[in-house]
Amino acid sequence: MGRPGEGRDNNAAGFGEFELIARLFAPLSDAAHGFQLTDDVGLVPDTDNRVCVTSDMIVAGVHFLPDDPPDTIARKLVRVNVSDIAAKGAEVSGLQLSAAFNRDRDVSWIEAFASGLADDLALFGAPLIGGDTVRTPGPDSFSLTAFGKVDPHGLVRRTGAQPGDGLYVTGTIGDAALGLKILKGELGAVPLGRRQPLVERYRVPMPRHAFGAGLGAFASSALDVSDGLLADAGHLATASGVSLDVSFDRVPLSGSAARLVKGNADLHLSLMGAGDDYEILFTTSTDNSDALAELAGASDTPVTRIGHVGKGPAGTVTLRDSAGDVLTVPSQGFRHF
């Protein structure tokens, strides 16, 4: 995710987030259900691989601003989890909430949080099925565990991309990052009509659940864009053992974002490494173009081909301009460590 703390030294502890997971926690998983922690969801044992599960947490000052409206915080919590489920070709079926409210939060704040939570549980048709609630002297911290029904085609993993496949993304990239910069006062005065949709995308992303539900029919690999387009493309490329070639000019921007970055090449380029988009990045054979177009139309989801899968060194992602020259992005995505 793009975070309020972006820009700090995330490697100060001496190791990387994914190195930490691989060394300390992946050995506790398995290949059949936990995928040794190499994907965004796992399969629940003894359910004939029909139920998947994921868990995400959000923390004040890291994933949201402490003065964000409480209802939007709850809705973002739901949506980042629904996004993971959708990108695996599954449909969310139930959620568990663990909430640690700062001890200075009053009842009205918690009521507003619960109201936002209720709105999104109704929107996505998933009941709350348990959890835990505590007070803390620290920052507000919330964790949601989401269960999903796996499509009959099976789970769409990160591991299936093949050389020659097209690389696609839903929606637009960069709105949330710009919304965060606006909230932090980093872009100066931005007209309200341009400001509002960008801030909304940061606070309340819209997971592509309707599109994701049909993804299993044709996608060879997929994941949601949370840490940043290039970072998550790298995760997909590493898991599949392939390289990815991305065309900078094809990466879709919203009208508000395009107007804001016009004439600012550095800001535009930085969006390739910004997070919190919660769009679906996926690969599929060009033979599936009709099925892809049908699902995009039926779910009213914009989809753009932004590149292709290559045979280069596993895990490499190359961003190119319209002339084919390689572009360098200072930060390819967010890491917690």
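Shortest non-hydrogen contact noted between A213 and D151 is O-OD1, 3.5 Å. Taking all atoms of both residues into account, the shortest heavy-atom contact from F124 to P207 is CZ-CG, 3.7 Å. Closest non-hydrogen pair, P197 versus G193, comes out as CD-O, 3.3 Å. Closest approach of G174 and D277 over heavy atoms only: N-OD1, 2.8 Å. Scanning all heavy atoms of the two residues, the minimum distance from P163 to V242 falls at CD-CG1, 4.2 Å. Of all heavy-atom pairs between V41 and C52, the closest is CG2-CB, 4.1 Å.
Not a single donor-acceptor pair under 3.5 Å links the side chain of D325 to the backbone N or O of D321. Put simply, the side chain of S270 gets close to the backbone of L267: a donor and an acceptor are under 3.5 Å apart. A donor-acceptor pair under 3.5 Å is formed between the side chain of S299 and the backbone N or O of L295. Between the side chain of D224 and the main chain of A87, no donor-acceptor pair closer than 3.5 Å is present. Checked by atom type and distance alone, the side chain of H268 never pairs as donor or acceptor with a backbone atom of N264 at under 3.5 Å. At distances below 3.5 Å, at least one donor-acceptor pair connects side-chain atoms of R135 with backbone N or O atoms of N102. Remark: side-chain polar atoms of S240 are not paired, donor with acceptor, to backbone N or O of T238 under 3.5 angstrom.
A single hydrophobic cluster is seen to contain both L198 and L183, as judged by linkage of ILVMFWY side chains at heavy-atom distances under 4.5 Å, directly or through other members. Cluster membership for V204 and V92, using ILVMFWY side-chain heavy atoms within less than 4.5 angstrom, is not shared. Hydrophobic clustering (ILVMFWY, side-chain heavy atoms < 4.5 Å, transitive): L97 and I73 are in one cluster. Tracing side-chain contacts under 4.5 Å through hydrophobic residues (I, L, V, M, F, W, Y), one reaches V53 starting from V51; they form part of the same cluster. Taken together through direct or relayed side-chain contacts under 4.5 Å among Ile, Leu, Val, Met, Phe, Trp and Tyr, V329 and L229 form part of one hydrophobic cluster.
Between F282 and Y168, the ring-plane angle classifies as parallel under the 30° and 60° cut-offs. F64 and F142 have parallel rings, their planes meeting at less than 30° on a 0 to 90° scale where 60° marks the start of perpendicular.
Donor-acceptor pairing under 3.5 Å is recorded for the side chains of T283 and S220. D165 and T284 share no donor-acceptor pair across their side chains, judged by distance under 3.5 Å alone.
Within the 4.5 Å cutoff, the side chain of L43 has heavy atoms near those of the L155 side chain. Contact of the I85 side chain with the E91 side chain is not registered, since no non-hydrogen atoms from C-beta on lie closer than 4.5 Å. Side chains of K88 and R158 form a contact here, defined as non-hydrogen atoms less than 4.5 Å apart. The closest side-chain heavy-atom distance from Q196 to V190 is not below 4.5 Å. At a threshold of 4.5 Å between non-hydrogen side-chain atoms, the residues T145 and L95 do not count as touching. Counting heavy atoms from C-beta on, the side chains of T136 and F101 never come closer than 4.5 Å. Residues L244 and T316 are not in side-chain contact: their nearest non-hydrogen atoms beyond the backbone lie 4.5 Å or more apart. Counting heavy atoms from C-beta outward, L230 and L319 have side chains that approach closer than 4.5 Å.
Relative to the six-membered ring of Y278, K76 misses at least one condition, a distance below 6.0 Å or an angle of at most 45° to the axis.
Salt bridge annotation for R201-E279: present, with a cationic side-chain nitrogen under 4.0 angstrom from a carboxylate oxygen. Taking the charged nitrogens against the carboxylate oxygens, D140 and R105 do have a contact shorter than 4.0 Å, which makes a salt bridge.
Taking the salt bridge (Lys or Arg N to Asp or Glu O under 4.0 Å) definition, one finds that R50 meets it with nothing, sequence neighbours left out.
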N/O donor to acceptor pairs below 3.5 angstrom from side-chain atoms of residues 247-256, sequence neighbours left out:
from	atom 1	to	atom 2	distance (Å)
D249	OD2	S322	N	3.3
D249	OD2	S322	OG	3.4
S254	OG	D175	OD1	2.7
S254	OG	D175	OD2	3.2
S254	OG	A257	N	3.1

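The stretch residues 300-324 participates, sequence neighbours left out, in no ring-ring contact (aromatic ring centres under 6.0 Å, His included) pair at all.
Screening D120, D119, D68 for a salt bridge (charged side-chain N to carboxylate O under 4.0 Å, His left out) involving R75 leaves a single residue, D120.
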